[in-house]
Colleague: 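Mind looking over this structure? Questions follow.
Nothing here was measured: the structure is a model prediction, and the numbers come from that model. These values consider heavy atoms only, across backbone and side chains, with no hydrogens, waters or symmetry-generated copies.
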Amino acid sequence: MTDMLVRLYELPDLCGYTKKMEQIGVRVRRPNVWERPLLMDWVKEYFSLSWALECETAFAVRPPSCFIAVKYDVLIGFACYDCTRLNFFGPTGVADYARGKGVGTMLLLSCLHTMKDGGYAYGIIGGVGPAEFYVKAVDAIIIEGSSPGIYERLTYHS
Ligand SMILES: CC(C)(COP(=O)(O)OP(=O)(O)OC[C@H]1O[C@@H](n2cnc3c(N)ncnc32)[C@H](O)[C@@H]1OP(=O)(O)O)[C@@H](O)C(=O)NCCC(=O)NCCS
């Protein structure tokens, strides 16, 4: 698990992806506060408890520092920023049946544009899995020496 760096001042425009989402009936927006339990349960079920806890952190600020993707009132994806650490993007995930349609990129760009508008020049993708996805979407680059980085001191229940 290594971290990646993104140049926020050279982000792709959101317009094309917004249109694409409209065409497939997907809305990417901030969650409402009452959607917090639903989001946490969903992330825990689909991904992990630790990701759900990071999502919960998003609700410590207003508006929440995350975006969700919704299709026909069904949650199909999420992405957080400023949760794991300040200036970090993630965690993020899309339901397996909804992948490959641009939803992950739309969620990523929604967060990164918000970070840019908030004053950050660079964004950090924390502990990446699919590096290729981030290279393709936002030309992210690996931060040398960042593994295990902040994830060194993970603790688990036995
Ligand atoms: C990573 C993830 C969020 C991408 O969501 P998605 O909706 O499938 O992404 P997109 O449809 O926007 O994909 C954009 C491009 O990236 C590529 N891509 C997507 N996931 C990829 C992966 N895991 N590895 C390599 N390339 C990937 C797609 O093939 C697509 O390429 P194309 O434009 O040539 O078709 C999704 O695969 C996921 O939830 N994975 C499991 C959780 C995870 O790994 N989260 C990231 C932790 S850092």
Colleague: Check the pair Ile125 / Phe88 against side-chain contact (heavy atoms from CB on, under 4.5 Å), numbers first and verdict last.
Modeller: CA-CA 6 Å; Ile125 317 283; Phe88 269 52; over 6 Å; no

Colleague: Give me the one residue out of Cys80, Cys83, Cys55 that meets side chain to side chain contact (heavy atoms under 4.5 Å, CB included) with Ser65.
Modeller: Cys83

Colleague: Taking atom CZ as the centre, does Arg99 end up with more than 12 heavy-atom neighbours from other residues, nucleotides or ligands that are less than 6.0 angstrom away?
Modeller: yes

Colleague: Yes or no on side-chain contact (heavy atoms from CB on, under 4.5 Å) for Met106 and Leu14, after CA distance, side-chain angles and deciding distance?
Modeller: CA-CA 7 Å; Met106 179 66 190; Leu14 264 175; 3.8 Å; yes

Colleague: For Ile142 and Ala131, work out which heavy atoms get closest and say how close.
Modeller: CD1-CB, 4.5 Å

Colleague: Roughly how far, to the nearest 0.5 Å, is the CZ atom of Arg36 from the SG atom of Cys66?
Modeller: 11.0 Å

Colleague: With a 3.5 Å distance limit and no angle check, can you tell me whether Ser147 reaches the backbone of Met1 through a side-chain donor-acceptor pair?
Modeller: yes

Colleague: Within a strict 4.5 Å, meaning less than it, do heavy atoms of the Pro12 and Asp139 side chains meet?
Modeller: no

Colleague: In terms of relative ring orientation, are Phe78 and Trp42 parallel, tilted or perpendicular, with 30° and 60° separating the classes?
Modeller: perpendicular

Colleague: With a 4.5 Å cut-off on side-chain heavy atoms, are Leu112 and Tyr120 touching?
Modeller: no

Colleague: Are Val61 and Ile124 in one and the same hydrophobic cluster, where Ile, Leu, Val, Met, Phe, Trp and Tyr link if side-chain heavy atoms are under 4.5 Å apart?
Modeller: no

Colleague: Using 0.5 Å steps for rounding, measure from the CE atom of Met115 to the CG atom of Leu8.
Modeller: 6.0 Å

Colleague: Rounded at 0.5 Å granularity, tell me how far CZ in Arg85 sits from CD in Glu54.
Modeller: 10.5 Å

Colleague: Any side-chain heavy atom of Ile141 within less than 4.5 Å of one from Met4?
Modeller: no

Colleague: Is the number of heavy atoms from other residues, nucleotides or ligands under 6.0 Å of Tyr9 OH greater than 12?
Modeller: yes

Colleague: I'd like to check the side chain to side chain contact (heavy atoms under 4.5 Å, CB included) partners of Leu49; sequence neighbours left out, ordered by chain and number.
Modeller: Lys44, Leu53

Colleague: May I ask you to test the Tyr134-Val6 pair for a side-chain heavy-atom distance under 4.5 Å?
Modeller: no

Colleague: Compare all side-chain heavy atoms of Asp82 with those of Thr57 and state whether any distance is below 4.5 angstrom.
Modeller: no

Colleague: Apply side-chain contact (heavy atoms from CB on, under 4.5 Å) to the pair Met21 and Arg27, showing each step before the final yes or no.
Modeller: CA-CA 7 Å; Met21 293 302 104; Arg27 189 161 167 235; over 6 Å; no

Colleague: Check the hydrophobic clustering (I, L, V, M, F, W, Y; side-chain heavy atoms under 4.5 Å; chains of links allowed) and say if Val138 and Val135 are grouped together.
Modeller: yes

Colleague: Would you check if Ile68 and Val28 make a side-chain contact, meaning some heavy-atom pair closer than 4.5 Å?
Modeller: no

Colleague: State, with a plain yes or no, whether a side-chain heavy atom of Phe89 is found less than 4.5 Å away from one of Leu108.
Modeller: yes

Colleague: Can a donor-acceptor pair be found, under 3.5 Å and without considering hydrogens, that links the side chain of Ser48 to the backbone of Trp51?
Modeller: yes

Colleague: At what distance, to the nearest 0.5 angstrom, does CG of Leu5 lie from CD of Glu144?
Modeller: 12.0 Å

Colleague: Under 4.0 Å between a side-chain nitrogen and a carboxylate oxygen: does that hold for Glu10 and Lys116?
Modeller: no

Colleague: Would you please name every residue forming a side chain to side chain donor-acceptor pair (under 3.5 Å) with Arg30, sequence neighbours left out?
Modeller: Tyr81

Colleague: With side-chain contact (heavy atoms from CB on, under 4.5 Å) as the test, would you mind laying out the steps for Val70 and Val26 before giving the verdict?
Modeller: CA-CA 6 Å; Val70 178; Val26 172; over 6 Å; no

Colleague: Could you check if a side-chain atom of Asp117 sits within less than 4.5 angstrom of a side-chain atom of Thr114, using non-hydrogen atoms only?
Modeller: no

Colleague: Going by atom types only, do Tyr151 and Asp3 share a side-chain donor-acceptor pair under 3.5 Å?
Modeller: no

Colleague: To check you understand the geometry: which heavy-atom pair defines the closest contact between Thr84 and Gly90, and what is its length?
Modeller: OG1-O, 3.5 Å

Colleague: For the pair Asp13 (side chain) and Cys15 (backbone), establish whether a donor and an acceptor sit closer than 3.5 Å, ignoring hydrogens and angles.
Modeller: yes

Colleague: Same cluster or not: are Leu38 and Tyr72 linked, directly or through other Ile, Leu, Val, Met, Phe, Trp or Tyr residues, by side-chain heavy atoms under 4.5 angstrom apart?
Modeller: no

